[in-house]
Amino acid sequence: MSKRRRKQEVNRSERSNPREAAGVSKAARAPSPSPPLAPRVWWIMLALIATTIAVFFPVMNHDFVYYDDPKYVTENAVVSGGLTARGLTWAFTTGTDANWFPLTWLSHMLDVQLHGMNAGGHHFTSLLLHALSAAVLFKVLHMMTGMIGRSAFVAAMFSLHPLHVESVAWVAERKDVISTLFWMLTMWAYAAYARDPKLRRFALVMVLFALGLMSKPMLVTLPFVLLLLDFWPLRRVEGMSPKSNVQRTYAQLIREKIPLFALALASSITTFLVQREGGAVGTLDAYPFAQRVGNALVTYLAYVRKMIWPADLAAFYPYRMEIPAAGALAAFVALAGVSYLCLRFARRYPYLPVGWFWYAGTLVPVIGLVQVGNQAMADRYTYIPIVGLFIIAAWGIGEVAEKLRLNHFVLAGGAVLTVLASAAVSRSQLRHWKSSSHLWTHALDVTKENHVAHNNLGLALAGEGKTEEAISQYREALRIRPAYATARTNLGAALSKQGKLDEAVANYNEVLRAKPEMAEAHLNLGAALASQGKIDEAISRYQEAVRLKPDYADAYANLGLALASKGQLDAAIAEYNKAIQLRPAFAEVHNNLGFALARQGKLDESIAHYNEAIRQKPDFVLAHINLGISLVNLNRDAEAIAAFREVLRLDPGNEMATRAVSQLSSEGAESSGR
């Protein structure tokens, strides 16, 4: 190609996108204000939202899963109470799950307030947030580049890629979808600020970024991404030639973002301290630094492979304790080579370094150099990072198509087919999240030596009443990782259910020798000791559990039951009230509290608690029976008969209810006869 022809093509390119051309020669000056949203842009945003909801809609029929959902929602005493003043304070002060993300907690509380424990409502909130993020991403890219087709492709791939199913279909990953929406909104606000740099516009950037950090601290990398966007497509760096004072311009842009870096630093320190306090940060003894580096290097490439060919996706990938040095070295060479090429061709293809370093940089907090948890990698960690790779694909393929003079319909058709293929695989991957048993059975099918999957499948089987099968899964988890305290605790609970109390106690004691701070093990050991009739020892364990975990509603409930069995009714009632205060929707405790009050002769109060237990759990047979007995003692025979008849409706063979209805009806007839 002649020099003259290349110059003509450059000129045509600049004329086709005058905003970018103007930005090349004006560094500190932002691009001109963007035009109002054209109808076509609005329609594309709506289409993205509608398509996302259509593809992911089956999630509305999914249940919660045994993987953080109990911790975040179903068994969280504060969250399950909905939006309350106490919950608001707790959200901003708790370090639960070794993290600080108050807005995420508040979003879960709002869902409980609106939908109760209907999992479909919680899933819909996550789905809607994801769809909105896709629409905003399209708007931001179009606003910065003027490219509709490429921007729409990136947004559609973000929306429908199978790697993103985990973040959408898992209620506990609400932090992903809510924080990413704030990420996208922050970029939108920043693009507007870049066009018209005013303090109030930058203030909005700060507010949105802060809200994002309060949803998930992974957003700490966003200021660095904004610097990449300054290079391209905002082109805020002065000139693009060797004569330009690029270093001075970048220094100005960095100084401009000091408030954002300060927020990111504060969030990073807070997160590290909370995670270390919560025991989530792996030690160098458990995860040697060389091992972490090797895992990080191969994981960078593994994510790229899964982006291109999203097969064998799992909810948990076991940590690989032995990574061949040759594999890690090869990964390093590949990553270094790609980085060099992106920098080498930065001026000609500026989207290359922006997309690549977006991907590489935003993965840094979760790539495993600071090991949090015991997974090697996670699909959810790609939620924001692979947007950078999608940008490279969209602009790179677009440029190749232009040079090859491919028909626009061919390019558009290829893009549509790619998006449809992603949607089809996502729909297939989505079905694995339907329930805990589906999720963990699939994880075991596509991974090896997965101790977490075995343990969680055991929990799912135990919930279905398949105790023996659950025990088999717990034992397999312990074969893979003998020191896995959670699996051993669950094994003890299953053995207790089978009446093998001595074996259960032995397992709990083994857990506590290694992890004396594990409140759940103290609680379960107390329950096993109580079943053996060792009430005083059980009480001691329950008290230790609540000392270690002051918001442990189950421990207060069991402590109350143990005290009541010793006739210490006032103390038992106090513990029951603590449990209810922590978890108002605790039907079993309302029933037990009613029984304790009835034993004290406070029948009206007992009836109120029985009714509350029945309201929360209409098929609670024991609460109906206890209600009937209290009504009989108050000579409210007609109401008592109604209560016992409800028992017979729920349990037709219940002998006590049958006798009670017969006797009360007979006495009523005799009274009428007299």
Side-chain angles (χ1 to χ4, degrees), residues 56-83 87 91 94 96-97 99 101 104-130 164-178 216 313-316 373 375 378-380 429-444 452-466 470 473 486-487 489-490 493 520 551-554 582-588 616-617 619:
F56 284 90
F57 194 77
V59 78
M60 296 287 292
N61 297 317
H62 290 191
D63 204 347
F64 295 106
V65 295
Y66 288 108
Y67 193 37
D68 285 356
D69 282 357
K71 185 194 313 182
Y72 278 73
V73 182
T74 57
E75 295 177 10
N76 186 299
V78 182
V79 172
S80 62
L83 279 175
T94 186
T96 299
D97 196 37
N99 267 302
F101 33 59
T104 295
W105 289 122
L106 291 175
S107 77
H108 285 305
M109 293 176 196
L110 178 60
D111 270 352
V112 172
Q113 193 73 31
L114 295 175
H115 311 294
M117 289 300 169
N118 175 16
H122 295 254
H123 283 303
F124 181 73
T125 300
S126 294
L127 173 53
L128 183 60
L129 290 168
H130 176 63
H164 290 172
V165 168
E166 179 171 293
S167 295
V168 180
W170 185 12
V171 170
E173 272 309 300
R174 170 67 54 75
K175 52 185 176 285
D176 262 5
V177 290
I178 190 171
K216 186 178 182 180
L313 305 183
F316 183 87
Q375 68 284 334
D379 295 350
R380 61 188 178 275
Q429 180 66 17
L430 192 65
R431 62 188 172 85
H432 299 308
W433 286 85
K434 184 176 181 179
S435 67
S436 293
S437 56
H438 283 81
L439 180 65
W440 298 112
T441 299
H442 173 70
L444 290 173
V452 170
H454 281 293
N455 174 72
N456 290 353
L457 179 57
L459 283 172
L461 292 168
E464 296 171 3
K466 301 174 181 177
Q473 293 297 327
T486 301
T489 301
N490 291 336
E520 291 80 2
D551 61 349
Y552 204 173
D554 291 306
L582 288 166
R583 192 190 303 170
F586 206 156
E588 290 76 8
Q616 294 173 7
K617 193 175 178 181
D619 60 348

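When a residue number appears, it is its place in the shown sequence, counting from 1. Only a predicted model underlies this, so the values are computations on that prediction, with no experimental measurement involved. Heavy atoms only: backbone and side chains are in, while hydrogens, waters and symmetry mates are out.
H122 places a side-chain N or O within donor-acceptor distance of the main-chain N or O of G116, the cut-off being under 3.5 Å. For H62 (side chain) and W433 (main-chain N/O), a donor-acceptor pair under 3.5 Å exists by modelled atom type. Side-chain atoms of W105 never come within 3.5 Å of backbone atoms of T96 as a donor-acceptor pair (strictly under, hydrogens ignored). A distance-only check finds a donor-acceptor pair linking the side chain of H442 to the backbone of L313 [under 3.5 Å]. For Q473 (side chain) and L457 (main-chain N/O), no donor-acceptor pair under 3.5 Å exists by modelled atom type. With hydrogens and angles ignored, the 3.5 Å screen pairs no side-chain donor or acceptor of S437 with any backbone N or O of A460.
Applying the salt bridge (Lys or Arg N to Asp or Glu O under 4.0 Å) test to pairs two or more places apart or on separate chains, none has a residue in residues 453-462. The salt bridge (Lys or Arg N to Asp or Glu O under 4.0 Å) contacts involving residues 62-71 comprise D68-K71, K71-D97, where partners must be two or more places apart or lie in separate chains.
For the atom pair R380 CZ and K175 NZ, the distance stands at 7.0 Å (nearest 0.5 Å). Atom-to-atom distance recorded for L444:CG and H454:NE2 is 4.5 Å, nearest 0.5 angstrom. Here the CG atom belonging to D176 is positioned 3.5 Å from the NZ atom belonging to K216, to the nearest 0.5 angstrom.
Taking both residues in full, the closest heavy atoms of A587 and Q616 are given as N-OE1, 3.0 Å, listed atom of the first, atom of the second, then distance.
One side chain, R174 or S126, offers a donor N or O that lies under 3.5 Å from an acceptor on the other.
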